[in-house]
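Structure, as structure tokens:
Heavy-atom basis, side chains included; hydrogens, waters and symmetry copies ignored. Just so you know, these numbers come straight off a predicted model, no measurement behind them.
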Amino acid sequence: MKAVIVSHGQPGDPGPQQRAVEDLAARVAACDPGCAVAGATLAMPGALAAVADDDSLIYPMFMAEGWFTRTELPRRLAQAGAGATLVLRPFGTDPALPGLIVSQARAAAATQGWSSQDTVLLLTAHGSQRSQASFTITTALAETVAPHFARVVTGFVEQEPFIADAARGLARAVSLPLFALRADHVLDDLPAALDQAGFTGPRLPPIGLAPEVPGLIAASLRAAL
């Protein structure tokens with residue numbers, strides 16, 4: 001059996017995100033998940049068909065259970081000849097994720113000499129005008145980690161509260177993006193919004209790039225096997 005980590009990718013420039021998910025797959029494989037691991041993006045033509053079959057475990061490297069994971073991914077798998085494969089729950093629903101968010105934000109606060117109880121955590125996410133999936137998971141994660149911080153604030157790229165509005169006026173704050181990989185929103189929209197808000201606190205990489213993530217994914221694959 002083989003596991004395939006699937007991410008959305010970047011339709012306009014699919015190469016970098018395809019390489020990123022392949023690199024993630026290699027790091028997951030190094031954590032001994034119990035099977036071979038490949039990576040594919042939906043944006044790279046032919047990538048999914050090249051690695052997935054009906055004996056694959058599909059791990060969605062997505063932050064929310066929404067249209068892409070419930071509708072588009074199964075459709076793409078069927079097109080790729082892997083319609084009977086097992087699709088696991090996405091990365092954003094991993095039970096270990098709240099603990100990882102807390103540890104990452106605490107470490108960033110400590111570099112400033114702040115205790116977590118005196119620190120505001122800004123969680124940023126994609127959001128959508130059409131689906132509440134991103135809003136729902138982000139709000140749930142914020143509520144789960146809230147006891148560890150002075151306050152948890154959420155902001156979104158594509159719905160209210162927008163990131164620039166959410167980040168404005170925050171003091172002693174750490175920004176943590178709830179994105180699976182580093183793509184255009186993280187590279188362009190997020191820093192632009194933080195700059196617009198005058199945000200001066202630590203800006204962490206997306207949670208999907210945390211060093212602990214390959215181990216979390218490997219644990220999910222071992223449990224599924």
Side-chain angles (χ1 to χ4, degrees), residues 1-97 100 125-126 128 130-131 133-134 136-138 157 177-187 205-210 212-225:
M1 179 168 282
K2 177 201 304 176
V4 181
I5 302 171
V6 181
S7 66
H8 184 278
Q10 192 69 40
D13 184 18
Q17 290 304 303
Q18 177 65 30
R19 291 190 291 273
V21 77
E22 289 173 354
D23 176 68
L24 174 61
R27 286 182 283 127
V28 172
C31 295
D32 191 23
C35 62
V37 186
T41 68
L42 298 181
M44 176 61 80
L48 190 59
V51 293
D53 57 38
D54 281 340
D55 289 327
S56 301
L57 278 176
I58 304 299
Y59 185 93
M61 194 62 186
F62 287 77
M63 290 306 303
E65 285 182 306
W67 180 79
F68 270 105
T69 59
R70 291 173 175 162
T71 302
E72 182 63 3
L73 179 54
R75 186 182 75 82
R76 295 288 193 95
L77 287 166
Q79 285 183 339
T85 191
L86 175 63
V87 180
L88 304 183
R89 297 193 71 193
F91 169 68
T93 66
D94 193 304
L97 192 57
L100 180 58
H126 189 282
S128 172
R130 295 177 295 177
S131 168
S134 177
T136 299
I137 187 66
T138 303
V157 175
L178 296 183
F179 288 84
L181 296 170
R182 184 184 277 117
D184 281 358
H185 287 310
V186 173
L187 293 171
I207 192 65
L209 297 187
E212 297 86 350
V213 166
L216 296 187
I217 297 174
S220 292
L221 296 179
R222 282 194 297 272
L225 288 170

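Atom CG of L48 is separated from atom CG of D53 by 10.5 Å, given to the nearest 0.5 angstrom. From I217, atom CD1 reaches atom CG of L221 across 7.5 Å, with rounding to the nearest 0.5 Å. Interatomic distance, I5 CD1 to L24 CG, rounded to the nearest 0.5 Å: 4.0 Å. In this structure, CG on L73 lies 6.5 Å from CD1 on I58, to the nearest 0.5 angstrom. To the nearest 0.5 Å, atom CZ of residue R70 and atom CZ of residue F62 are 13.0 Å apart.
For K2 (side chain) and A38 (main-chain N/O), no donor-acceptor pair under 3.5 Å exists by modelled atom type. For the pair R76 (side chain) and L42 (backbone), a donor-acceptor distance under 3.5 Å is present. The backbone N or O of E65 sits nowhere less than 3.5 Å from a side-chain atom of R89 that would complete a donor-acceptor pair. Side-chain atoms of Q10 do not come within 3.5 Å of backbone N or O of Q18 as any donor-acceptor pair. A donor-acceptor pair is defined here as one N or O able to donate and one able to accept, closer than 3.5 Å; no such pair exists between the side chain of E72 and the backbone of W67.
Put simply, the side chain of M63 reaches to within 4.5 Å of the side chain of I207, judged on heavy atoms. Using a 4.5 Å cut-off on side-chain heavy atoms (C-beta onward), V87 and P60 make contact. Between L100 and D94 the shortest side-chain heavy-atom distance does not fall below 4.5 Å. Inter-residue side-chain proximity for F179 and V157 is flagged as met; some heavy-atom pair is nearer than 4.5 Å. Between F91 and V213, the closest side-chain pair of non-hydrogen atoms falls below 4.5 Å. The shortest side-chain heavy-atom distance between P214 and C31 falls under the 4.5 Å cut-off. Looking only at side-chain heavy atoms (C-beta outward), L209 and L181 come within less than 4.5 Å of each other.
Summarising the geometry of A224 relative to L57, their closest heavy-atom pair is CB-CD1, 4.0 Å, with the distance given to 0.1 Å. Of all non-hydrogen atoms in A49 and A80, the two that sit nearest each other are CA-CB, 3.6 Å. In plain terms, the two heavy atoms of A25 and G39 that are nearest each other are CB-N, 3.7 Å. Contact record, P45 with A43: CD-O, 3.2 Å, taken as the closest heavy-atom pair. Between A52 and L77, the shortest heavy-atom contact is CB-CD2, 4.3 Å. Across every non-hydrogen atom of D54 and G83, the tightest pair is OD1-N, 3.4 Å.
Checked for salt-bridge contact, D23 and R19 miss the test: no charged N lies under 4.0 Å from a carboxylate O.
Sparse packing is recorded around CZ of R130, with 12 or fewer heavy atoms of other residues, nucleotides or ligands lying under 6.0 Å away.
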